[in-house]
Amino acid sequence: MPKTAFITGVTGQDGAYLAEFLLKKGYIVHGLKRRSSSLNTDRIDHLYLDPHAKNPNFVLHYGDLTDSTNLIRIIQEIQPDEIYNLAAMSHVKVSFDTPEYTANADGIGTLRILEAIRLLGLSQKTRFYQASTSELYGLVQEVPQTERTPFYPRSPYAAAKLYGYWITVNYREAYNIFASNGILFNHESPIRGETFVTRKITRAVSKIALGMQDTLFLGNLSAKRDWGHAKDFVKAMYLILQHDTPDDFVIATGKTTEVREFVRMAFREAGAEIEFKGQGVEEIGIIASSTGEFAEKLRVGSTVVRIDPRYFRPTEVDLLIGNPQKAKDLLGWEPKYDLAMIVKDMMESDLKLMTKDKYLKDGGFNVHNYFE
Ligand code: NAP
Ligand code: G4F
């Protein structure tokens, strides 16, 4: 019998990669999708089958993490072997604007699923994965961060995820549910949400290179993140649920890089070297040299990066760097992508996306499978 998985947040970056990954492994995959007034299934359209097809292996259900009745009904219907709880209001800066909703969806939403597993008598059948985050370390108490590093959340998002983390541990200990946390450090890809810093940068650099935009406005350039590729990270989620015992794992690359350096790397992919000058909100990024296809638009001496304080956060997480040794030792997990490969992947994709009419003429843009 094929295994059945239920993925909340299936329309998001990780949900899309994980759905494709599990389908390739022969799973039947059910996904939770929010109703929206405009289509929100771009990332999974290549996996979707006509609902009238016989025995489809990929099924979407309308629902929301803030609605327990609907979660209980769907989980009862599906009787999943594995649940991956990836749904969340996942933007740290936005969580300062919507703190109560974030607590409801990201914190209590996790409890709702665990309670559904318990109430439906699935404690011995269903394995549960919680999308925990390196944001839990916040004002870091140790460098690098491990599974034993104390948490110090610095945003409503991180505080809500802290509850999600501990309620997962509690249901494991109290009810013997196979419930595990993946403490994932930042992971990116060509389908990363457009307002996270990496994708904001690769999209803007592509537009600047094509003459469609003049300036990229950013917030804190000195923040450091441990950036991996979402493809590597969804494999870790799967491995966490295949392990013989439930446990909590740091998933990271072990390297950290400044936002400023990510900007330099993205422009380099388009053929330009960026020099940063000035301090604080006066800091600017100037094109120092440029060669290749986009040199005409990437004019030497032009200012292409500026600071906009609106992107600063009331409390910032300055430095994240994880130690994934436990995952390497117990799960055999090893990332394939380094940061240079991630930037290349994202820049190639965004340069194509910005000229998508050309690619549509050449036979379609969004028709590839992620793992091919
Ligand atoms: P994402 O692209 O923002 O996707 C979030 C998903 O959650 C989307 O499918 C979204 O639906 C859905 N969602 C949001 N609120 C919901 C609600 N109330 N009910 C049901 N669904 C809801 O996030 P991601 O980057 O894939 O991250 C996946 C998970 O890992 C999140 O829990 C995130 O907090 C966590 N995480 C991410 C990273 C990272 O670097 N990417 C690192 C650590 C942890 P719509 O498409 O309708 O918006
Ligand atoms: O890309 P970010 O918005 O990601 P952040 O805050 O690290 O959160 C992401 O990773 C977490 C894992 O650690 C996830 F749990 C979470 O769901 C999300 O996926 O910002 C990265 C850094 C921050 O320090 C931010 O202040 O980039 C800095 N930054 C500088 N300018 C900016 C900008 N961030 C954004 N989004 N936009 C800017 O213009």
Side-chain angles (χ1 to χ4, degrees), residues 7-19 31-36 38-44 61-67 70-71 84-95 98 101-102 104-106 108-110 112-113 129-138 145 153-155 157-158 160-161 164-165 181-189 191-201 204 216-230 233-234 237 251-252 257-260 262-263 305 307-313 315-320 322:
I7 304 175
T8 71
V10 75
T11 57
Q13 169 188 256
D14 292 4
Y17 279 116
L18 181 66
L32 186 76
K33 162 184 133 78
R34 294 195 289 184
R35 194 268 158 184
S36 69
S38 18
L39 294 177
N40 62 354
T41 54
D42 271 18
R43 294 182 175 111
I44 49 171
H61 305 257
Y62 281 113
D64 199 294
L65 276 199
T66 58
D67 179 348
N70 118 285
L71 291 170
Y84 295 86
N85 182 32
L86 310 187
M89 202 309 288
S90 71
H91 202 284
V92 173
K93 174 71 163 55
V94 175
S95 78
T98 60
Y101 171 73
T102 304
N104 190 359
D106 300 14
I108 310 295
T110 310
R112 292 187 179 101
I113 298 181
Y129 172 88
Q130 168 59 11
S132 285
T133 165
S134 49
E135 283 292 304
L136 295 174
Y137 299 116
Q145 293 87 53
R154 293 271 278 176
S155 62
Y157 167 78
K161 285 281 188 178
Y165 173 92
N181 284 289
I183 308 170
L184 271 52
F185 283 62
N186 299 51
H187 45 281
E188 318 296 315
S189 75
I191 56 164
R192 179 63 146 148
E194 289 85 350
T195 59
F196 297 99
V197 78
T198 56
R199 187 77 198 290
K200 180 172 167 183
I201 294 168
L216 162 62
F217 288 93
L218 291 169
N220 178 9
L221 297 179
S222 301
K224 292 174 114 181
R225 288 292 181 274
D226 180 333
W227 279 300
H229 198 296
F233 281 44
V234 299
M237 296 175 187
I251 304 297
T257 307
E258 272 189 6
V259 171
R260 193 180 282 105
F262 192 102
V263 174
V305 183
I307 303 300
D308 183 339
R310 95 175 70 177
Y311 299 117
F312 292 157
R313 295 162 183 198
T315 39
E316 175 62 290
V317 173
D318 294 317
L319 164 71
L320 290 174

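As the structure lists them, so they are numbered: ligands from 1, and atoms in each ligand from 1. Given the structure is predicted, the values throughout are model-derived calculations rather than measurements. Starting from 1, each residue takes its place in the sequence as its number.
A donor-acceptor contact closer than 3.5 angstrom is absent between the side chains of His61 and Asn70. A donor-acceptor pair shorter than 3.5 Å can be found between the side chains of Asn85 and Gln130. A donor-acceptor contact closer than 3.5 angstrom is absent between the side chains of Arg43 and Thr11.
Put simply, the side chain of Thr195 does not reach to within 4.5 Å of the side chain of Lys93, judged on heavy atoms. When side chains are defined from C-beta on, Glu135 does not count as touching Pro153, because their heavy atoms never get closer than 4.5 Å. Put simply, the side chain of Val234 does not reach to within 4.5 Å of the side chain of Tyr84, judged on heavy atoms.
Formation of a donor-acceptor pair under 3.5 Å by the Asn181 side chain with backbone atoms of Tyr165 is found in this model. Remark: the backbone N or O of Tyr157 is paired with a side-chain donor or acceptor of Ser95 at under 3.5 angstrom. Between the side chain of Lys161 and the backbone N or O of Ser134, no donor-acceptor pair lies under 3.5 Å. Under the 3.5 Å distance criterion, the side-chain polar atoms of Glu188 are left unmatched by any main-chain donor or acceptor of Phe196.
Contacts between Leu218 and ligand 2 below 4.0 angstrom, taking non-hydrogen atoms only, involve backbone and side chain alike. Residue contacts with ligand 2 for Glu316 involve side-chain atoms from C-beta outward but no N, CA, C or O (heavy atoms, distance under 4.0 Å). At a heavy-atom cutoff of 4.0 Å, ligand 2 is contacted by no atom of Lys161, backbone or side chain. The proximity of Tyr101 to ligand 1, defined as any non-hydrogen pair under 4.0 Å, is limited to the side chain. Residue contacts with ligand 2 for Tyr157 involve side-chain atoms from C-beta outward but no N, CA, C or O (heavy atoms, distance under 4.0 Å).
Of all atoms in ligand 2, numbered sequentially from 1 with element shown, those under 4.0 Å from a heavy atom of Tyr311 are 39 (O). Counting atoms of ligand 1 from 1 in the listed order, those under 4.0 Å from a heavy atom of Asn186 are 40 (O). In summary, the atoms of ligand 1 found under 4.0 Å from a heavy atom of Thr133, numbered by their order in the structure, are 43 (C), 44 (C). For ligand 2, the atoms sitting less than 4.0 Å from at least one non-hydrogen atom of Val259 are 27 (O), numbered in the order shown with element in parentheses. Every atom of ligand 1 with a heavy atom of Gly12 under 4.0 Å away is listed here by number and element: 2 (O), 4 (O), 8 (C), 9 (O), 26 (O). Heavy-atom contacts of His91 reach the following atoms of ligand 2: 36 (N) (cutoff under 4.0 Å). Proximity to Val92 (heavy-atom distance under 4.0 Å) selects the following atoms of ligand 2: 6 (O), 8 (O). Every atom of ligand 1 with a heavy atom of Leu184 under 4.0 Å away is listed here by number and element: 42 (C), 43 (C). Taking every non-hydrogen atom of Ser90 and a distance limit under 4.0 Å, the qualifying atoms of ligand 2 come out as 16 (C), 17 (O), 18 (C). In summary, the atoms of ligand 1 found under 4.0 Å from a heavy atom of Ala131, numbered by their order in the structure, are 29 (C), 30 (O), 32 (O), 35 (C). Interface atoms of ligand 1 facing Ser132, defined by a heavy-atom separation under 4.0 Å, are 43 (C), 44 (C). Using a 4.0 Å cut-off to heavy atoms of Thr11, the atoms of ligand 1 that qualify are 8 (C), 9 (O), 11 (O), 45 (P), 46 (O), 47 (O). Those atoms of ligand 2 with a heavy atom of Thr133 less than 4.0 angstrom away are 11 (C), 12 (C), 13 (O), 14 (C), 15 (F). Each of the following atoms of ligand 1 lies closer than 4.0 Å to a heavy atom of Ser90: 1 (P), 3 (O), 23 (O), 33 (C), 34 (O).
The protein atom (non-hydrogen) at minimum distance from atom 29 (N) of ligand 2 is Val197 CG2, 3.7 Å. Regarding atom 48 (O) of ligand 1, its nearest protein heavy-atom neighbour is Arg34 NH2, 2.7 Å. If you check which protein heavy atom lies closest to atom 2 (O) of ligand 1, you get Gln13 N, 3.1 Å. Of all protein heavy atoms, the one lying nearest to atom 41 (N) of ligand 1 is Arg192 NH1, 3.1 Å. Scanning the protein for heavy atoms near atom 5 (C) of ligand 1, the closest one is Ala88 O, 3.7 Å. The shortest contact between atom 33 (C) of ligand 1 and any protein heavy atom is with Tyr157 OH, 3.6 Å. For atom 5 (P) of ligand 2, the nearest protein heavy atom (residue, atom name, distance) is Asn186 ND2, 3.7 Å. Remark: minimum distance from atom 27 (O) of ligand 1 to any protein heavy atom is reached at Asp14 OD2, 3.6 Å. Closest to atom 21 (N) of ligand 1, if we only count protein heavy atoms, is Ala87 CB, 3.4 Å. The protein heavy-atom contact nearest to atom 38 (C) of ligand 1 is His187 CE1, 3.2 Å.
Residue Phe233 places every heavy atom at 4.0 Å or more from ligand 1. The closest approach between Thr8 and ligand 1 stays at or above 4.0 Å for every heavy atom of the residue. Judged by the shortest distance from any of its heavy atoms, Lys33 lies outside the 4.0 Å radius around the atoms of ligand 1. Taking 4.0 Å as the cut-off, Lys161 counts as a neighbour of ligand 1 on heavy-atom distance.
Inclusion of Leu320 in the set of residues having an N or O under 3.5 Å from an N or O of ligand 2 is not warranted. Every N/O-N/O distance between Leu221 and ligand 2 stays at or above 3.5 Å. Polar contact with ligand 2: present for Ser134 (N/O pair, distance under 3.5 Å). The shortest N or O to N or O distance between Asp64 and ligand 1 is below 3.5 Å. The shortest N or O to N or O distance between Gly15 and ligand 1 is not below 3.5 Å.
In this structure, the separation between CZ on Phe262 and OG1 on Thr198 is 5.0 Å, given to the nearest 0.5 Å. Atom CD1 in Ile113 sits 4.5 Å away from atom OG1 in Thr8 (nearest 0.5 Å).
Here the shortest heavy-atom pairing between Arg199 and Gly193 reads CB-O, 3.4 Å.
Residue nearest to atom 31 (N) of ligand 2, selected from Ala223, Ala252, Ser155, Gly219: Gly219 (by heavy-atom distance). When Arg154, Arg192, Lys200 are ranked by how near their heavy atoms come to atom 19 (O) of ligand 2, first place goes to Arg192. If you check each of Lys93, His187, Arg313 against atom 3 (O) of ligand 2, the one with the closest non-hydrogen atom is Arg313.
Applying the 6.0 Å contact sphere to OH of Tyr311 captures more than 12 heavy atoms from other residues, nucleotides or ligands.
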Residues Val94, Tyr101; criterion side-chain contact (heavy atoms from CB on, under 4.5 Å); working and verdict: CA-CA 11 Å; Val94 175; Tyr101 171 73; over 6 Å; no

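Remark: Arg35 engages no residue in a salt bridge (charged side-chain N to carboxylate O under 4.0 Å, His left out) (not counting sequence neighbours).
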